[in-house]
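Take a look at the structure set out below.
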Amino acid sequence: MTRRLTLTFDNGPVPGITETVLDVLRERGLTATFFVVGTDLQKPGRRDLVAQARAEGHRVGNHTMTHSVLLGRTDDPAAPEKEIVASQHLLRDLASEERFFRPWGGGGVLGPHLLSPRAVQTLERGGYSLVLWNSVPRDWEDAIGWPARARADIDRQGWTVIVLHDNSPAVAQLAGFLDAVIADGVEIRSDFPDECVPIRRGVRTGSLDGLVSV
Ligand SMILES: [Zn+2]
């Protein structure tokens, strides 16, 4: 069975790091999805980098406004509006036509802290696609060792959606990692498997069991 890999980069762009990611991807003819934090977009140089990513064929999604509110834990009823809708608004034309949203997981952990019923309603009504993941090699903690964990994830499942970060020195390993997986016959794609996108364009297509607070 062909193993598949979809690349995602969260928490950027960061000048001096994202350029490296874009270079590495361009040289290999690959595209990825970049999940951007709203407050970061307001810093100097960030919008230009996101625009460059779009111009080079990458997809751009919404990774919350502040990257600090667990939508399944907060008591603020306006949190989905602030963390999802306002951030999408800030992205404006930089965002892909399909409204990709990735919640903040507090370290990449899937669980009921990710979403509230109200947040799910916001995603459904707003026509968002909820993009989760099935590989978090913790590149931000281990800039050298993450590719080995990523390879293990790719080898144990048919289609891996990997969370990497273009705000970390770990990107120095990206070219070597990609060359190795390509040489190993892994198919690198831009789209996402159903199991990682339980809401597509506002329509519930998969299970949200264990991902929504009660
Ligand atoms: Zn993040």
Side-chain angles (χ1 to χ4, degrees), residues 5-18 20-22 25 32-43 45-47 49-50 53-54 58-74 76 79-80 82-91 94-96 98-116 119-120 122-123 128-143 146-147 149-150 153 160-174 177 192 196-199 208 210-213:
L5 172 65
T6 298
L7 302 167
T8 68
F9 293 90
D10 290 9
N11 303 6
V14 174
I17 296 179
T18 302
T20 301
V21 174
L22 292 174
L25 295 175
T33 306
F34 290 83
F35 285 95
V36 177
V37 176
T39 48
D40 285 342
L41 253 193
Q42 293 158 312
K43 297 174 187 166
R46 307 293 170 103
R47 287 196 81 90
L49 272 173
V50 180
R54 280 301 306 279
H58 302 291
R59 312 205 285 184
V60 172
N62 173 355
H63 190 31
T64 78
M65 179 61 93
T66 67
H67 205 257
S68 63
V69 175
L70 293 169
L71 291 167
R73 291 229 182 105
T74 176
D76 179 4
K82 294 176 187 168
E83 292 293 327
I84 302 171
V85 179
S87 183
Q88 190 72 27
H89 189 70
L90 202 59
L91 275 164
L94 293 178
S96 292
E98 182 171 355
R99 296 176 156 194
F100 302 111
F101 175 76
R102 171 169 279 171
W104 179 53
V109 183
L110 295 170
H113 56 282
L114 288 183
L115 297 164
S116 62
V120 170
T122 299
L123 295 174
Y128 290 87
S129 294
L130 172 64
V131 181
L132 302 175
W133 55 85
N134 57 20
S135 174
V136 183
R138 305 189 80 80
D139 56 329
W140 70 92
E141 286 177 346
D142 183 359
W146 69 264
R149 282 190 296 280
D153 287 341
T160 295
V161 177
I162 192 171
V163 180
L164 297 173
H165 295 82
D166 58 327
N167 67 344
S168 145
V171 301
Q173 306 286 330
L174 182 64
F177 165 71
F192 303 109
C196 289
V197 190
I199 300 174
L208 294 174
L211 301 172
V212 185
S213 61

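In listed order, ligands and their atoms are each counted from 1.
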Worksheet item: Is there an N/O/S atom in Asn11 at a distance below 2.8 Å from the Zn ion (ligand 1)?
Response: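 A backbone or side-chain N, O or S atom of Asn11 is under 2.8 Å from the Zn ion (ligand 1).
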Worksheet entry | Metal site the Zn ion (ligand 1): N/O/S of His165 inside 2.8 Å |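 For His165, the answer is no, given that no N, O or S atom comes within less than 2.8 Å of the Zn ion (ligand 1).
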Item to complete: Take Arg102 and Thr33 through the test side chain to side chain donor-acceptor pair (under 3.5 Å) and record every step on the way to the result.
Response: CA-CA 11 Å; Arg102 171 169 279 171; Thr33 306; over 6 Å; no
Worksheet entry | Check: Val36 and Pro13 side chains under 4.5 Å, non-hydrogen atoms |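 Sidechains of Val36 and Pro13: in contact.
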Practice prompt. Work out the angle at the Zn ion (ligand 1) between NE2 of His63 and NE2 of His67, rounded to 10°.
Written response: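 His63 NE2 and His67 NE2 form an angle of 100° at the Zn ion (ligand 1).
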Discussion item. Tell me whether the rings of Phe34 and Phe9 are parallel (<30°), tilted (30 to 60°) or perpendicular (>60°).
Written reply: parallel
Worksheet item: Do the ring planes of Phe35 and Phe192 sit parallel (below 30°), tilted (30 to 60°) or perpendicular (above 60°)?
Response: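 If you compare the ring of Phe35 with that of Phe192, the planes turn out tilted.
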